[in-house]
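Quick notes on the structure that follows.
Just so it is clear, the values below take in all heavy atoms, side chains as well, and ignore hydrogens, waters and symmetry mates.
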Amino acid sequence: MKYLITGITGFVGPHLANLLVSEGHDVHGLVRASNGREEDIRDVVPDKIFQKIHFVYGDFTDYHATEQLFKMEKFDGVFHLAAQSHPPTSFADPRGTFATNASGTVHIAEALRLHQPACRLLFCSTSEVYGAPEEKKGKITEEFPIAPINPYGVSKAAADLFVRERAKSVKLPFLVTRAFAHTGPRRGRRFSISSDAYQIVRIKKGLQRPVINVGTLSSRRVVMDVRDCVKAYYALMHKGEPGQAYNVGGDHVYSMGQILEMMLKMSGLKKKVTQYVDPKLVRPIDIPVQICNTTKLRTLTGWKPKIKMETTLKDLLAYWDKKIDA
């Protein structure tokens, strides 16, 4: 099968490429500029896989460029991962966030409708579309109201609704995933958990004072490994029903403080560092807890997360240890 991954130079894209190539598929990755950015994914993509990835260049926020791509290349499926995915940035740049996440998705959907209506589209939405439902309402299912509380969530909700509307009203093979918290190697240092891992490694290398800048440590999430997450995407590309949304998430709930303590213990820094709540790392509107119900995904595909959190955090720390040169 021939697949296109948008966002291949991001966090999740390289891990998905590893999986697709290892399964024998023809993988193309969309890169916005031909300036060598694709080489950056080698930190998690081995050379034998990298050599099999075909890179195409274009900007999906430009409709004419997007349409041209789908006129020239035919695909069996598109994994649309590319996004402005940092909620705090969305408060600073709501217009740019909406242009990328909502309008950019409309461009891809319209180009497929016109030129490749049989191509499956898996749009990666987010758990942020649910906003902050009260914990007493139970685990979040796909039937919970769409009620985002930040510009990032709003932009994703608009695209989420549009993709499912296209599937239902125009009968296109489009579906949606709503991933809950996931982390692992290559996660950007602006994001919680990875930010802590980055700072821990710098402290160990003597590049930072023994003070870790943190956000809201009481926030609780079901956290999974990115490598488990992409397996869910792959399964849904094959088995997901058009017009449907599927929650993707882990089994265990952690507070951000618990995860930080796990990494400090692994690193031998427990009780050797102090924590400073940095206002820049605290969301203007926080989501205190997110716990998902993934029965719909698991019943359909048999998927379940397999990588233990200890392994994920160990690999994340090792990633930054290799990345940061003292």
Side-chain angles (χ1 to χ4, degrees), residues 6-7 10-13 32 59-63 66 78-111 121-135 137 139-169 172 174-182 187-188 190-192 215-216 219-222 229 233 243-249 256 279-293:
T6 71
F11 165 46
V12 179
R32 284 194 178 188
D59 185 349
F60 65 89
T61 64
D62 179 337
Y63 176 71
T66 304
V78 175
F79 291 90
H80 182 27
L81 277 61
Q84 191 300 96
S85 58
H86 190 234
T89 296
S90 75
F91 283 99
D93 184 20
R95 291 177 65 251
T97 297
F98 203 89
T100 298
N101 298 350
S103 298
T105 300
V106 170
H107 294 166
I108 290 173
E110 276 295 276
L121 171 65
L122 186 146
F123 168 64
C124 295
S125 185
T126 172
S127 61
E128 297 273 346
V129 302
Y130 296 117
E134 296 178 351
E135 188 174 359
K137 293 183 178 180
K139 294 182 178 180
I140 299 170
T141 72
E142 292 85 354
E143 303 307 314
F144 268 47
I146 299 297
I149 60 172
N150 57 55
Y152 166 64
V154 171
S155 69
K156 281 288 194 174
D160 184 316
L161 291 166
F162 181 77
V163 167
R164 289 185 293 124
E165 179 274 328
R166 295 284 84 185
K168 293 174 181 178
S169 64
L172 294 167
F174 295 175
L175 65 148
V176 168
T177 62
R178 295 173 184 158
F180 285 68
H182 47 294
R187 186 56 155 164
R190 295 187 303 167
F191 293 85
S192 59
T216 307
S219 298
R220 292 187 293 134
R221 301 286 187 269
V222 281
C229 184
Y233 292 169
Q244 295 297 309
Y246 298 89
N247 286 344
V248 181
M256 295 301 99
K280 295 178 182 178
L281 300 179
V282 176
R283 294 190 189 187
I285 303 176
D286 189 39
I287 298 175
V289 59
Q290 278 192 335
I291 304 174
C292 60
N293 180 316

Less than 4.5 Å apart, side chain to side chain, heavy atoms only: is that true for [X] and [Y]?
{"X": "Val163", "Y": "Thr105", "answer": "yes"}
{"X": "Leu161", "Y": "Glu165", "answer": "no"}
{"X": "Asn293", "Y": "Ile140", "answer": "no"}
{"X": "Asn247", "Y": "Phe180", "answer": "yes"}
{"X": "Leu172", "Y": "Leu121", "answer": "no"}

Is the backbone of [Y] close enough, under 3.5 Å, to the side chain of [X] for a donor and an acceptor to pair up by distance?
{"X": "Gln84", "Y": "His86", "result": "yes"}
{"X": "Ser155", "Y": "Phe98", "result": "no"}
{"X": "Ser125", "Y": "Arg178", "result": "no"}
{"X": "Thr100", "Y": "Thr97", "result": "no"}
{"X": "His182", "Y": "Cys229", "result": "no"}

If you look at every heavy atom in Ala83 and Lys156, which pair is closest and at what distance?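 That closest heavy-atom pairing would be CB-NZ, 3.6 Å.
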
With side-chain hydrogen bond (donor to acceptor under 3.5 Å, both in side chains) as the criterion, how do Ser192 and Arg221 come out once you've worked through the C-alpha distance, each side chain's angles and the decisive distance to 0.1 Å? CA-CA 11 Å; Ser192 59; Arg221 301 286 187 269; over 6 Å; no

Once side chain to side chain donor-acceptor pair (under 3.5 Å) is applied, do any residues pair with Glu128, and if so which ones, sequence neighbours excluded?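 Per chain and number, Glu128 pairs via side chain to side chain donor-acceptor pair (under 3.5 Å) with Asn150, Arg283.
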
Taking the six-membered ring of Phe123 as reference, does the NZ or CZ atom of Arg164 fall below 6.0 Å from its centre and within a 45° cone about the axis?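 Not satisfied by the 6.0 Å and 45° rule.
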
